[in-house]
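To keep things clear, I will list the structure first and then write my remarks on it.
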Amino acid sequence: MPSEEGANEVNQQDAVPAENKTEVKTSPVKKTKPVKMQLCRVLLLDGTEYEVELDKKAKGQQLFDMICDHLNLLEKDYFGITYRDPQDQKYWLDPLKEIRKQIKGGPWVFGFNVKFYPPDPSQLQEDITRYQLCLQIRDDILKGRLPCSFVTHALLGSYIVQSELGDYDPEEHSADYLSEFKFAPNQTKELEEKVMELHKTHKGQTPAEAELHYLENAKKLAMYGVDLHHAKDSEGVDIMLGVCANGLLIYRDRLRINRFAWPKILKISYKRSNFYIKIRPGEFEQFESTIGFKLPNHRAAKRLWKVCVEHHTFFRLVSPEPPPKSKILRLGSKFRYSGRTQHQTRQISALIDRPAPNFERTLSKRFSSKSMDAAPGYAPYREQNRPDLSKLPPDMSASADAVGAGKLPYADDVPPQGDEEEAAVQETVPPVAEPEVNGTETHAAPEEPAPPEELTNKVDDEIPNVENAVVDELESQVKHGGKALHVSHTNTHTCTPSLPLVVHTKVDS
């Protein structure tokens, strides 16, 4: 029991006058704002739609991860999310930025597409990844982005039929069993008959084997994985610039007039609506060559620059270039490719240890298949924004991300918005200190392995002999992409062309 003294102390404390007591005020509980959600519609490669609600402040990576989880896709670094601006121009969704800051107004409608076409699809670990790549190539063929000959259309079509229908059965498959399939943009009865003939020869192939054969033949096409951009040379002649795993390709009048492999390119840059590449001197040359191209506007030039930076980083580097740590005020964009490279992807994919996922191969590429134009909430494709297909070569239809065709307007009156950046590619002998090139701060990227065999002159093998003759004639002159291209010479040092270290530089002014 408490003592009497202790009890008296307690009573004295209770007897303290009320005016001497301090009141403890509790702060009011702050009301949390309700999370604003936004409905997203994503058109998948099989023609189906995936709908999900996201926080309006969500970043692109969150949506990308949800789509890959929905598709049960682990090798996801080859893919990306696309969206279109009010001018119907296609862009890749940046995974590190908020979606609302990239889509300014309008519904959140996206497409899930292959961003980096693997040069050797057989090195993909899972069938489900190869299936998604097959769907993308089918779409490229049907929309004219991947031109094929009659024989190639028939061969690829026969593998599609084998994958979806299995072995040919004369009792089950009638004479017109291929009438629903779409194999080519301009399909004929003769093509269907040829597909049927080849389908009979694929007896015993599983869907996965048929798709692998499909990819092995598709990867040999000259335009496989080429992202085309409309441009003009210095004389105003319409050309097309193609970005792929091997480097930068230049097309004019249905011919590829030049090819610049990534090791040959020292620097890629753009200023306003102009896009520039700096080329390493040849064996018997003393000067570097700078080639300029005119794009429709500065946004198109920046988009091409980004595509080049991403492709070079993904296919040529061991790991992405880290962002600059300097806190000094820098001009230009801070853009760097932030995903995994192909080297990293292959290493991680080799660790995949799960049973082959079961998935349904949908019969998507039929005459009733969906398109992005029919997606709910998607703005109709305005006729005035369509490229003038009559001015395009017949086997090079405008890609979905083309700015326009024919006579593209100059955009000198479009003010630049801090978008004057440069990215450079330079190969030197390791180890290398951080040099200064014309006052430019440089950042060395990790060592780059020797280019794999699939990154050799695969594209060259697919160009007709007549085209090769044109290329040889042009390269024997000055190797500057054609006489109409502007070439300026700067007296700078020559770098060893075949050694593995890659340096990205970024100009401050």
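Remember, it's a predicted structure, so these values are computed and weren't measured experimentally.
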Side chain E75, main chain Q125, donor-acceptor under 3.5 Å = yes
Using modelled atom types only, decide if a donor and an acceptor are shared between the side chain of Q162 and the backbone of Q205 within a distance under 3.5 Å.
-> yes
Of Y50, F79, Y83, which is the lone residue that meets ring-ring contact (aromatic ring centres under 6.0 Å, His included) with F112?
-> F79
If every non-hydrogen atom of P121 is compared with every non-hydrogen atom of E216, which pair is closest and at what distance?
-> CD-OE2, 4.5 Å
R145 and side chain to side chain contact (heavy atoms under 4.5 Å, CB included): which partner among V226, L228, D139?
-> D139
NZ of K115: more than 12 outside heavy atoms within 6.0 angstrom?
-> yes
Any donor and acceptor pair, going by atom type alone, linking the side chain of H312 with main-chain N or O of C308 inside 3.5 Å?
-> no
Side chain proximity check, Y117 to L133, heavy atoms < 4.5 angstrom | yes
Tell me, do V114 and Q132 make a side-chain contact under 4.5 Å, heavy atoms counted?
-> no
Just jot down the side-chain contact (heavy atoms from CB on, under 4.5 Å) partners of L74, sequence neighbours excluded, or say none.
-> E126, I352, R354
Is a side-chain donor-acceptor pair under 3.5 Å present for R299 with Q89?
-> no
State whether the side chain of R41 and the backbone N or O of E49 hold a donor-acceptor pair below 3.5 Å, judged by distance alone.
-> no
Give the minimum heavy-atom separation between L96 and D94, together with the two atoms involved.
-> N-OD1, 3.0 Å
Of all heavy-atom pairs between G60 and L93, which one has the smallest distance, and what is that distance?
-> CA-CD2, 3.8 Å
Between CD1 of I279 and CG of N258, what distance do you get to the nearest 0.5 Å?
-> 8.0 Å
Over all atoms of both residues, closest heavy-atom pair of L156 and A218 = CD2-N, 4.1 Å
Let me know which of V109, N113, L43 forms a side chain to side chain contact (heavy atoms under 4.5 Å, CB included) with T82.
-> N113
Considering only heavy atoms from C-beta outward, does the side chain of D77 approach that of Q344 to under 4.5 Å?
-> no
Would you find a donor on one side and an acceptor on the other, under 3.5 Å apart, between the side chain of E310 and the backbone of G339?
-> no
Pairing residues for Y159 by the ring pair (Phe, Tyr, Trp, His ring centres under 6.0 Å) criterion, not counting sequence neighbours = H202, H213
One should read off an interatomic distance between L215 CG and R130 CZ, to the nearest 0.5 angstrom, of 8.0 Å
Point-to-point distance, once rounded to the nearest 0.5 Å, from CD1 of I137 to CG of L146 | 7.0 Å
Can you sort out the partners of F314 under ring pair (Phe, Tyr, Trp, His ring centres under 6.0 Å), two or more places apart, ordered by chain and number?
-> Y78, F116
Mind running side chain to side chain contact (heavy atoms under 4.5 Å, CB included) on V42 and L63 for me, showing each step along the way?
-> CA-CA 10 Å; V42 184; L63 176 60; 4.3 Å; yes
Please identify each residue that fulfils ring pair (Phe, Tyr, Trp, His ring centres under 6.0 Å) with F150, with sequence neighbours left out.
-> none
What distance do Y276 atom OH and I291 atom CD1 have between them, rounded to the nearest 0.5 Å?
-> 12.5 Å
Between the CD1 atom in I99 and the CD1 atom in I81, the distance rounded to the nearest 0.5 Å is 7.0 Å
Assess whether side chain to side chain contact (heavy atoms under 4.5 Å, CB included) is satisfied between I141 and H153, documenting all intermediate values.
-> CA-CA 9 Å; I141 291 175; H153 275 306; 3.3 Å; yes
Minimal non-hydrogen separation, C134 against Y214, with atom names | SG-CD2, 3.7 Å
For Q61, all residues meeting side-chain contact (heavy atoms from CB on, under 4.5 Å), sequence neighbours excluded = F64, D65, P95
When you look at I268 and F260, which way does the side chain to side chain contact (heavy atoms under 4.5 Å, CB included) test go after all the steps?
-> CA-CA 12 Å; I268 51 177; F260 300 102; over 6 Å; no
Ion pair present between D238 and R252, side-chain N to carboxylate O less than 4.0 angstrom?
-> no
S234 side chain to K294 side chain, donor-acceptor N/O pair below 3.5 angstrom = no
Does any non-hydrogen side-chain atom of P118 lie less than 4.5 Å from one of K219?
-> no
Residues L249, L241; criterion side chain to side chain contact (heavy atoms under 4.5 Å, CB included); working and verdict | CA-CA 6 Å; L249 313 176; L241 303 179; over 6 Å; no
Would you say the side chain of L212 lies within less than 4.5 Å of the side chain of E209, judging by non-hydrogen atoms?
-> no
Partner residues of A154 under the side-chain contact (heavy atoms from CB on, under 4.5 Å) criterion, sequence neighbours left out = L191, K194, V195, L198
Just say parallel, tilted or perpendicular for the rings of F181 and F183, cut-offs at 30° and 60°.
-> parallel
Roughly how far, to the nearest 0.5 Å, is the CG atom of N297 from the CZ atom of R272?
-> 14.0 Å
Side chain proximity check, I128 to L73, heavy atoms < 4.5 angstrom | yes
What's the shortest heavy-atom distance between H298 and Y270, and which atoms?
-> O-CE1, 4.2 Å
Would you say the side-chain atoms of W262 pair up with the backbone N or O of A245, donor to acceptor, closer than 3.5 Å?
-> yes
T290 backbone acceptor or donor facing K278 side chain under 3.5 Å | no
Ignoring hydrogens and geometry, is there a side-chain-to-backbone donor-acceptor pair from T341 to V318 under 3.5 Å?
-> yes
Side-chain donor or acceptor of E211 paired with backbone N/O of S163 under 3.5 Å | no
Side chains of Q342 and P119: does their closest heavy-atom pair fall under 4.5 Å?
-> yes
